[in-house]
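Below you'll find the structure, written out as structure tokens, and then a few comments.
All chains are named by letter (A, B, ...) in the order of the sequence lines, taking the proteins before the strands, and each is independently numbered beginning at 1.
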Amino acid sequence: MLRIEGLTAEIDGKQILKGIDLDVPTGEVHAIMGPNGSGKSTLSYVLSGREGYEVTGGSATFNGHDILAMEPEERAAAGLFLAFQYPVELPGVGNATFLRTALNAQRKARGESELDAMQFLKLARERMKALSMSDDMLKRGVNVGFSGGEKKRNEILQMALLKPSLAILDETDSGLDIDALKIVADGVNAMRGPDFSALVITHYQRLLDYIVPDRVHVLMHGRIVKSGGPELAQELEAQGYAAVQAAA
Amino acid sequence: MTAPVATGAAGFLARYEGLKDHLPGARKPWLNALRADAAVHFAARGFPTRRIEQWKYTDLAPVAQASFAEPLTMVEGAIALPVANAAHRAVFVDGRFRSDLSTLDGLAYRVGSLAQDLNAAEPFLGALAKPGSEPLVALNTMLFEDGILIDLPEGVDGGLLELVSIAVDPGRPFAFHPRHLVRLGAGARLTVIETATGRGQCLHNPVFEIEVAEGATFTHGRMLQEEATVFHLSTIYATIAAGGTYDNFTVAAGPRLTRNEIHAALTGPKAACHMNGAQMAADGQHVDTTTALDHAAPDCASRQTYKTVLAGRSRGVFQGKIFVHQVAQKTDGYQMNQALLLSEDAEIDSKPQLEIYADDVKCSHGATVGALDADSLFYLRSRGIPESQAKAMLVEAFLHEAVETVTDETLRAALTRALDNWWSRQGKAA
């Protein structure tokens with residue numbers, strides 16, 4: 001599914017990723033934990049193709065494709081999804097229009113038929129119900145005036161509609177109260193299955209109580225310093241990153 | 001120094017000399033005097049040059065150097081009209097009223113050709129747009145042949161009226177200078193949707209004089225959509241009495257050069273003026289919105305939001321002046337100008353100006369200039385939307401935001417069509 005080997009990347013000439021090796025097999029959920037500034041968000045942006053990040057070495061393949069050579073929209077159509085830590089507000093772009101355009105762009109890229117407004121609305125309402133989102137959120141501008149929790153739920157709604165085979169969740173738990181956290185976690189868990197993988201990036205162990213990962217990796221100073229089972233998250237919570245690094 | 005502008009001005013003055021005995025109202029002393037006064041002013045000042053502060057960013061040399069001197073012949077016969085937005089409309093071809101193309105029957109107020117109703121116009125023609133105020137007003141006063149006259153009695157709701165101006169290409173440079181007079185009595189209401197279309201080497205130089213009496217509301221939507229060979233220079237003078245409202249929304253997109261100049265005076269307490277718009281220019285075009293808001297009474301509110309989108313090698317200008325007189329306490333003034341540059345060759349000049357002589361006022365202004373937001377673009381692309389489509393979505397969103405405040409649905413739909421039309425025909429291609 002996702003295989004990263006020796007990945008190095010820099011921003012504005014400053015090296016952030018210093019050789020990442022990571023394998024996320026099909027059907028598994030992996031967590032990446034690490035302190036602020038360890039390179040977590042950089043990794044998610046490099047994988048999704050944001051401008052401004054220069055890959056200086058190594059490789060990342062996704063279902064056999066060299067994703068680093070692809071445009072962001074091509075990566076999305078290939079099944080990669082990034083849930084943003086800070087979802088962007090788009091005044092003047094209706095949420096329904098945005099969601100339908102995205103879904104149809106991906107369907108088109110994959111050679112599938114596009115959904116008309118009615119078909120889309122039916123599908124969106126069904127998915128929104130599961131996320132306890134009101135219909136009203138379809139009519140508003142994308143993320144405009146949404147609370148922190150609503151923005152994150154809107155990210156999960158996009159994931160539920162676009163049905164990626166790999167989702168990268170970049171600190172999706174930040175700014176969420178416990179109820180919103182559960183809704184978001186339920187949304188991710190509902191996607192789990194043999195054809196879905198996820199990379200859950202988080203600072204805290206809390207989210208991993210609800211999305212239980214198959215593997216946990218600790219990212220520090222641009223490298224994976226330790227990997228283990230879900231119990232590693234508990235260990236980090238109890239001992240802190242410094243202790244883990246000292247032991248590594 | 002013999003400025004090249006003298007050529008153009010001299011051409012128009014010669015034309016006035018030749019036509020003055022044939023222009024509408026030639027036998028009316030009051031109008032002859034007004035035109036003669038305008039000619040004196042225009043002869044003295046000529047076309048404005050960039051040495052004049054208000055014209056620093058807009059160069060009229062291409063207008064001044066062109067020769068628009070040949071007299072017009074009346075265009076007759078069928079003309080392709082734009083899609084109607086309202087049941088009632090007044091149609092002008094090359095600045096002349098065409099009753100055969102207009103549908104004004106059954107309206108409960110005076111509306112029609114100014115040239116055919118000059119006696120009714122006498123009390124207020126030139127009252128707001130004085131020949132000595134601006135050279136373009138002088139030029140218009142000197143040579144206007146027609147225009148619309150709208151006079152709503154007290155308390156009348158005039159509903160929706162369309163004003164259509166079409167320029168027909170005669171195959172040589174030509175100019176027309178319509179004079180439009182709009183007067184709303186106390187408590188009257190009217191919405192005008194104005195469309196200007198046309199082609200050819202043409203100068204369209206309309207002047208509006210708008211009087212909004214106590215408690216009246218005039219909503220004025222304008223779509224300046226002539227083709228890229230046309231010079232559109234419009235000047236509006238509006239005065240708004242106590243409790244009255246003037247709403248102007250202008251989409252300027254199409255002509256080679258557009259100047260949208262609005263002077264509005266709030267003359268009675270609790271008067272309001274909203275001036276909003278979207279102006280767009282593609283390669284080789286120039287758009288200029290210049291506003292002057294005069295707060296001359298207490299408790300008045302003014303709101304201005306203008307959006308500019310520039311593609312290719314184009315230039316946009318926004319100049320907005322808010323003048324608050326000493327008497328105008330509790331003034332609430334707001335002005336915002338936002339520009340989106342789609343090309344590195346595009347240029348925007350933005351000049352807000354506040355002059356405040358009252359001490360208890362709330363006045364603010366702001367200006368933003370930028371390219372499309374990289375974060376927004378990445379967000380859309382990360383969802384699988386191709387780059388070109390993502391850019392189009394963001395430009396459309398920027399433009400559509402401009403019309404969100406328009407409450408009249410027919411007007412908003414017409415304005416949105418005008419915006420989309422520009423984007424799909426010119427902006428996207430640039």
Side-chain angles (χ1 to χ4, degrees), chain A residues 44-45 47-53 67 70-95 97-110 112 114 140-144 151 154-155 157-159 161-164 167-168 170, chain B residues 249 251 276-278 280 305-309 336-340 342 366 368 370-406 409 412-413 415-420 422-424 427-428:
Chain A
S44 67
Y45 287 142
L47 292 175
S48 52
R50 191 189 188 110
E51 277 177 28
Y53 295 85
I67 53 164
M70 294 161 76
E71 296 293 334
E73 56 267 34
E74 292 170 340
R75 301 181 199 205
L80 182 87
F81 179 86
L82 169 66
F84 282 59
Q85 182 179 1
Y86 303 109
V88 179
E89 295 188 12
L90 302 176
V93 181
N95 206 23
T97 307
F98 163 64
L99 295 169
R100 187 156 79 94
T101 306
L103 181 59
N104 280 337
Q106 292 201 18
R107 291 178 69 95
K108 197 175 162 192
R110 290 193 296 259
E112 299 164 16
E114 296 183 32
R140 285 148 70 181
V142 177
N143 295 324
V144 177
K151 283 181 183 170
N154 204 30
E155 294 292 290
L157 171 65
Q158 292 166 47
M159 182 180 74
L161 284 168
L162 298 172
K163 288 195 170 301
I168 301 169
D170 186 8
Chain B
F249 195 103
V251 173
N276 300 300
M280 295 90 91
T305 304
Y306 283 94
K307 301 229 176 197
T308 304
V309 177
M336 175 54 87
N337 165 237
Q338 297 172 309
L340 182 58
L342 300 178
T368 64
L372 286 175
D373 179 54
D375 289 341
S376 303
L377 202 52
F378 174 65
Y379 191 64
L380 292 171
R381 294 179 73 192
S382 78
R383 298 306 182 242
I385 300 171
E387 188 176 8
S388 60
Q389 195 180 355
K391 281 183 177 171
M393 283 174 82
L394 293 176
V395 176
E396 283 165 21
F398 179 80
L399 290 172
H400 287 177
E401 246 192 321
V403 296
E404 271 175 10
T405 53
V406 178
E409 281 184 29
R412 191 171 62 238
L415 294 166
T416 305
R417 270 199 306 280
L419 296 173
D420 291 346
W422 176 80
W423 174 244
S424 59
K428 208 186 276 184

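With chain A as partner, the option from B:M393, B:E401, B:H400 having the largest number of non-hydrogen pairs under 4.5 angstrom is B:M393. Comparing A:N104, A:L82, A:V93, A:T97 by how many heavy-atom pairs each has under 4.5 Å with chain B, the most go to A:L82. Options A:E51, A:Q106, A:K108 differ in how many heavy-atom pairs under 4.5 Å they form with chain B, and the most are formed by A:Q106.
In this structure, chain B has no heavy atom under 4.5 Å from any part of A:P164. Heavy atoms closer than 4.5 Å to chain B are found nowhere in A:R75, neither backbone nor side chain. No part of A:Y86 comes within reach of chain B, as not one of its non-hydrogen atoms sits under 4.5 angstrom from that chain. The contact between B:Q389 and chain A is made entirely by side chain atoms (from C-beta outward), counting heavy-atom distances below 4.5 Å.
By the 30° and 60° cut-offs, the orientation of the rings of A:Y45 relative to B:F378 is perpendicular.
Salt-bridge check for A:E74 with B:R381: failed, with every basic side-chain N at 4.0 Å or more from each acidic carboxylate O. A salt bridge does not link A:E114 to A:R100: none of the charged nitrogens lies less than 4.0 Å from a carboxylate oxygen.
The backbone N or O of A:R140 lies less than 3.5 Å from no partner atom in the side chain of A:N95, so there is not a single donor-acceptor pair.
Environment of CD in A:E112: crowded, with over 12 heavy atoms of neighbouring residues, nucleotides or ligands closer than 6.0 Å.
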- Message: Evaluate A:E73 against B:I385 for side chain to side chain contact (heavy atoms under 4.5 Å, CB included), listing each step before the verdict.
- Response: CA-CA 6 Å; A:E73 56 267 34; B:I385 300 171; 6.0 Å; no
